[in-house]
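Step one of this worksheet: look at the structure below.
Everything numeric in this text was worked out from a predicted model, so none of it was measured.
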Amino acid sequence: MLTPRLAFLLTLPPLLWAGNAVVGRLAVGMVPPIALNFVRWALAFVLLWPLGRRALADRATLAERWPHLALLGLLGMGSYNALQYLALHSSTPLNVTLIAASMPAWMLGFGVLLHREHPSGREMGGAALSLAGVVLVVTRGDPARVADLEFVTGDLLMLIAIVSWALYSWLLARPPAHMRTPQRPDWDWAGFLLVQIAFGLAWSGAAAGVEALVAEDARWHWTPWIPAILLYVAIGPSLVAYRCWGLGVSTVGPAVAAFFGNLTPVFAGVLSTALLGEAPRWYHGAAFALIVGGIWLSARRSR
């Protein structure tokens with residue numbers, strides 16, 4: 001059953017991730033995108049080290065579970081945000097938000113493909129309501145604007161990012177049979193997240209190295225905004241959001257959690273209007289109602 005506590009745990013990450021999208025756009029021209037992802041997780045690793053370092057000393061368990069942990073690090077830390085930061089260099093926030101709205105469909109699709117979990121009518125109805133709400137936001141209340149969208153390389157990168165995140169969420173909740181171990185490791189949340197970050201740093205560090213060698217402009221352009229950007233992305237959308245998301249997914253499952261992910265564009269719309277000094281429009285409220293309705297409808301399945 002979806003309790004107020006679970007609803008809060010699954011609502012906070014979209015809010016923090018919406019801020020991450022705004023900050024990622026702000027960082028364009030200041031920090032190379034792959035380097036931003038690497039430094040983000042490196043700082044998160046340092047901050048989390050005092051709480052989770054015991055897990056990294058458990059070498060026997062790490063050796064036994066490394067394929068699963070390496071895959072989680074690749075999909076969740078090494079790929080998703082790096083691709084999102086890259087997408088923001090060539091795509092518009094409108095397109096990126098619209099593509100991210102396909103998350104519930106990918107979650108439900110992978111549930112069928114990997115675990116033979118067929119979506120119920122309520123889940124399909126919830127997906128439709130949530131997508132309708134997102135369309136209201138990205139079209140600013142005028143669905144005819146969809147016909148004016150132009151897709152670029154960044155849109156494809158964002159689509160790959162969404163697929164990566166959907167796979168990460170399912171792997172987090174249900175590791176494949178060949179990657180499971182007879183006994184779950186005795187790690188707390190900080191230890192488990194720290195281990196994922198450690199594996200993710202290996203992937204993101206390698207990618208940042210390639211970026212530095214082959215990218216045309218992989219230099220940092222220092223401004224006073226950079227420290228604030230790095231602190232935010234390392235704490236909010238990394239440590240806090242991943243902790244809450246992990247708790248929520250492990251309780252309600254990836255399919256239901258995905259509907260909360262559709263709150264991200266609504267929060268992003270509100271943050272954007274706030275930064276521009278504009279008052280929220282009618283479609284923000286209508287979209288919020290539709291997405292919450294989709295969450296309620298899909299979550300009823302677990303009662």
Subject >> Pair Leu239-Phe45, side-chain contact (heavy atoms from CB on, under 4.5 Å): steps then yes or no >> reply: CA-CA 9 Å; Leu239 299 181; Phe45 182 89; over 6 Å; no
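- Counting all heavy atoms, side chain and backbone alike, Trp203 lies closest to Gly78 at CB-CA, 4.3 Å.
- Distance OG/Ser238 to CG/Asn81: 7.0 Å, rounded to 0.5 Å.
- Of the inter-residue distances, the one linking Leu72 atom CG with Trp66 atom CH2 reads 13.0 Å to the nearest 0.5 angstrom.
- When atom types are taken as modelled, the side chain of Ser250 and the backbone of Leu247 share a donor-acceptor pair closer than 3.5 angstrom.
- Between the His68 side chain and the Leu171 main chain, a donor and an acceptor come within less than 3.5 Å of each other.
- Under the 3.5 Å distance criterion, the side-chain polar atoms of Trp17 are matched with a main-chain donor or acceptor of Pro237.
- Across Ala218 and Ala212, no two heavy atoms sit closer than the pair CB-CA, 3.9 Å.
- Formation of a donor-acceptor pair under 3.5 Å by the Thr264 side chain with backbone atoms of Ala18 is not found in this model.
- Of all the heavy atoms in Val249 and Ser169, the pair that sits closest is CG1-O, 3.8 Å.
- Atom CG of residue Leu36 and atom CD1 of residue Ile229 lie 7.5 Å apart, to the nearest 0.5 angstrom.
- Of the possible donor and acceptor atoms, one in the side chain of Arg53 sits under 3.5 Å from a partner among the backbone N and O of Pro50.
- Checked against the 6.0 Å centroid threshold, Tyr242 and Trp41 count as a close aromatic pair.
- When the side chains of ILVMFWY residues are joined at heavy-atom separations under 4.5 Å, either directly or via intervening members, Leu62 and Leu194 end up in a single hydrophobic cluster.
- Taking all atoms of both residues into account, the shortest heavy-atom contact from His89 to Pro33 is NE2-CD, 3.6 Å.
- In this structure, a donor-acceptor pair under 3.5 Å is absent between the side chains of Tyr85 and Arg25.
- The backbone N or O of Ala7 sits less than 3.5 Å from a side-chain atom of Thr11, completing a donor-acceptor pair.
- Minimum heavy-atom separation, Trp187 to Leu69: CH2-CD1, 4.0 Å.
- A pairwise comparison of heavy atoms in Tyr80 and Ala161 identifies CD1-O, 3.0 Å as the closest pair.
- Two different hydrophobic clusters hold Leu88 and Leu157 under the rule that ILVMFWY side chains link at heavy-atom gaps under 4.5 Å.
- The ring pair (Phe, Tyr, Trp, His ring centres under 6.0 Å) search around Tyr168 returns Trp165, not counting sequence neighbours.
- At a threshold of 4.5 Å between side-chain heavy atoms, the hydrophobic network of Ile, Leu, Val, Met, Phe, Trp and Tyr places Trp222 and Leu43 in one connected group.
- Side chains of Met77 and Leu193 form a contact here, defined as non-hydrogen atoms less than 4.5 Å apart.
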**OP:** Take Arg40 and Ile197, measure what side-chain contact (heavy atoms from CB on, under 4.5 Å) needs, and give me the verdict at the end.
**Re:** CA-CA 10 Å; Arg40 163 189 177 166; Ile197 293 175; over 6 Å; no
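- Taken from CG in Leu86 to CG in Leu156, the straight-line distance is 11.5 Å, to the nearest 0.5 Å.
- Looking only at atom types and distance, the side chain of Asn37 has no donor-acceptor partner in the side chain of Gln84 under 3.5 Å away.
- The 12-atom threshold is not exceeded at CH2 of Trp225, counting heavy atoms of other residues, nucleotides or ligands nearer than 6.0 Å.
- Of the possible donor and acceptor atoms, one in the side chain of Glu211 sits under 3.5 Å from a partner among the backbone N and O of Ala35.
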**OP:** Given side-chain contact (heavy atoms from CB on, under 4.5 Å), test Leu172 with Gln196 step by step and report yes or no.
**Re:** CA-CA 10 Å; Leu172 192 66; Gln196 292 181 67; 4.1 Å; yes
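- Note on Leu230 and Ile34: separate hydrophobic clusters, where clusters join Ile, Leu, Val, Met, Phe, Trp and Tyr whose side-chain heavy atoms are under 4.5 Å apart, directly or indirectly.
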**OP:** In sequence, state the C-alpha distance, the side-chain angles, and the governing distance for Leu16 and Tyr232, and then conclude on side-chain contact (heavy atoms from CB on, under 4.5 Å).
**Re:** CA-CA 9 Å; Leu16 296 171; Tyr232 176 78; 4.0 Å; yes
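- A distance-only check finds no donor-acceptor pair linking the side chain of Ser164 to the backbone of Ser79 [under 3.5 Å].
- Residues Leu47 and Leu51 share a single hydrophobic cluster, defined by chaining ILVMFWY side chains whose heavy atoms lie under 4.5 Å apart.
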